[in-house]
Amino acid sequence: MDYLKSALPSQIMSERGSNLVVINPGSANVRIGLASQDTPFNIPHCIARHTKQIPNFTVIDQMLNSMVTTTQLIEREKAYDFIAPLLKIPFLDEGPGNSFPRKMGRVDGHNPHIRKDLPLTWTNVYEEATNSSVSLETSSKDETGQFLDPKEGTHSKEPNASERKFKEFICGEEALRISPTEPYCFCHPIRRGHLNISQYYSMQQVLEDLHTIWDWILIEKLHIPHNERNMYSAVLVMPETFDNREIKEILSLVLQELRFGSAVVHQEGLAAVFGNGLSTACVVNIGAQVTSLICIEDGGALPSTGKTLPFGGEDISRAFLWTQRHYQTWSPVHSDVFAKPIDLLMLNQLKETYCEVKEGELDAVAVVHSFAEKVPAVSHKTRLSALNVPPMGLFYPTLLTPDVYPPPPRTWFHDYEDMLEDTWHIDFSRRSDMPDTFYPNVNGGLPMWESYPVFSTKPKKEEKVGLAEAITNCILSTGRIDIQRKLFCSIQLTGGVALTSGLVAAVEERVLHAIPPNEAIDTVEVLQSRTNPTFVSWKGGAILGVLDLGRDAWISREDWIHNGVHVGSNKKYKDSYYLQAQAMCYMNS
């Protein structure tokens, strides 16, 4: 596989990738772009719909939140005190709140591409008066991070109340910045690496929201209208956490509703290896809400090595907030990551700018913003303390108490009747161009699934161990000393958290100490990423899409809708082991 060792010539990518749309969906963000582009659009994977039933902004996931228990709080405090001597900082009860003055660490923000101390403004939820059609987005800050003056935000050029009309829906970062007083219902279609199905959020509404978000991006960002969609092909770079039925629904969404001419599914871990020009690696993808690991050997995934850890970057952000509140250095405002997504957006930016892994006391002074109703953001100059503690939660996950987003009951993904029946009798609007069989019968199952066998899928491995132990177990599970030595020297970190300063050295040191002494391995190395770790899987999907042109793995729109992928056929997903294990048949088989 020598062709992996160097990137494809840009001319080939430009020529063959101009009609390939690469989609890499995640729990917090979705990365979408043409394969010919250098980087994709990285857009928050969320939507807010206007509702007349609820007077104020409502977060659907807020209904599923689990508050911190006393036991979890005690465990979190124990984790902090265990981490403290490792970082050579005071214990929890000896922190900045009780000992000052202190030496301030110089923290300028290790990543120059991260935004710092910039105010966020409320989204204008009204359509422009000059535009009679539904405005998809009127932004006081676009997705590239360019801010406008707050005075030009929500209250500027506001029409009369009788003339104002709410936007039907708002996607991306605009949805995160909607005021809590506005009548919108906010949803994340994907949560903790799975479709966000719950008794409050039915499957058909999850798919409808995914369709709306992706269609909005395709039109507004990539400028691909519906009538030209059939001339494009989609490359789906899917996380390892997804079950095959979930992937089947995504394929139906892409081919039938979004109207792509053809599509192919690739595994996120495998795509990451291709994106860095490698053939063998232990891929560690630290996402916003989950961390997934899998080993790749000579361009092929090793299924038995796959593992999932139930924490990610957003959990680090919440640990960051807990640490500041404990030291009583947080600004005197009510930051609510449950009800106000804009607060979590701010916390993520502060974490990305100031947190790093290093020894010694690490403090900084930053501008924190408070958000109250529709008034502009109020700035507070705040001292941030113990900034090196939150990222250590990756290695000691009891620090990352699951304040929000508990994993959904696994029965929704193993029992097809529970997942696919509308047992909660929630009525959502139907698309006129979709057949009635697409929607659930409130008194029974889905007719479209009657021809499906009951899949005996093997549950994904979800482990509650630290990152170092998970990497060690993942590699040692290969059972061969030659590949183990190679993989321990070929660890690849992907995802936005991989940009954390000092994380690479911390992973190398702790993985080396986690290897049992009876194993003949004495070297651990994390490979430097050749591209932004946030986009490396997307880039690999673009390369795989170009290399795979003409191969049998591609599925045409007509074949999927009319014939599907039948049991016994040769059309299987060669690069997705969880689909390769079982041939699929479609509703019309």
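Note that the structure is predicted; figures quoted are calculated from it, not measured. The residues of the chain are indexed from 1 along the displayed sequence.
- Comment: Asp482 engages Arg480 in a salt bridge, judged by a side-chain N to carboxylate O separation of less than 4.0 angstrom.
- With a 4.5 Å cut-off on side-chain heavy atoms, Leu270 and Ile294 do not count as touching.
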N/O donor to acceptor pairs below 3.5 angstrom from side-chain atoms of residues 516-525, sequence neighbours left out:
none

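- The line from OG1 of Thr472 to CG of Leu467 is 9.0 Å long, rounded to the nearest 0.5 Å.
- For the pair Ile43 and Ile217, the minimum side-chain heavy-atom distance is below 4.5 Å.
- Checking Val235, Leu218, Leu253 one by one against Phe260, the side-chain contact (heavy atoms from CB on, under 4.5 Å) holds for a single residue, Leu218.
- Between Glu249 and Leu210 there is no side-chain heavy-atom pair separated by less than 4.5 Å.
- Between Asn196 and Cys187, every side-chain heavy-atom pair lies at or beyond the 4.5 Å cut-off.
- Ser262 and Ser233 are linked by a side-chain donor-acceptor pair at a separation below 3.5 angstrom, with hydrogens and angles left out of the test.
- Between Leu258 and Val254, the closest heavy-atom pair is CB-O, 3.5 Å.
- Contact of the Ile481 side chain with the Arg485 side chain is registered, since non-hydrogen atoms from C-beta on lie closer than 4.5 Å.
- By the ring-ring contact (aromatic ring centres under 6.0 Å, His included) test, Tyr396 pairs with Phe82, sequence neighbours left out.
- Using the six-membered ring where Trp is involved, Tyr80 and Trp322 have ring planes that are perpendicular, over 60° apart on the 30 and 60° scheme.
- Phe311 and Pro397 get closest at one heavy-atom pair: CE2-CB, 3.6 Å.
- Remark: Asn532 CG to Asp38 CG distance equals 12.0 Å, nearest 0.5 Å.
- Side-chain contact check for Glu314 and Asn348: no donor-acceptor pair (N or O, by modelled atom type) lies under 3.5 Å.
- By the 4.5 Å heavy-atom criterion applied to side chains, Ser292 and Pro239 are not counted as neighbours.
- A heavy-atom distance below 4.5 Å is not found between the side chains of Ser529 and Leu493.
- Judged by distance alone, the side chain of His45 and the main-chain N or O of Gly26 form a donor-acceptor pair under 3.5 Å.
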Begin with the C-alpha distance, continue with both residues' side-chain angles, and end with the deciding distance and a verdict on side chain to side chain contact (heavy atoms under 4.5 Å, CB included) for Trp538 and Ile32. CA-CA 8 Å; Trp538 179 90; Ile32 299 184; 5.6 Å; no
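- Gln484 contributes a side-chain N or O that, together with a main-chain N or O of Leu476, makes up a donor-acceptor pair within less than 3.5 Å.
- In this structure, the side chains of Gln205 and Tyr200 stay at 4.5 Å or more apart for every pair of heavy atoms.
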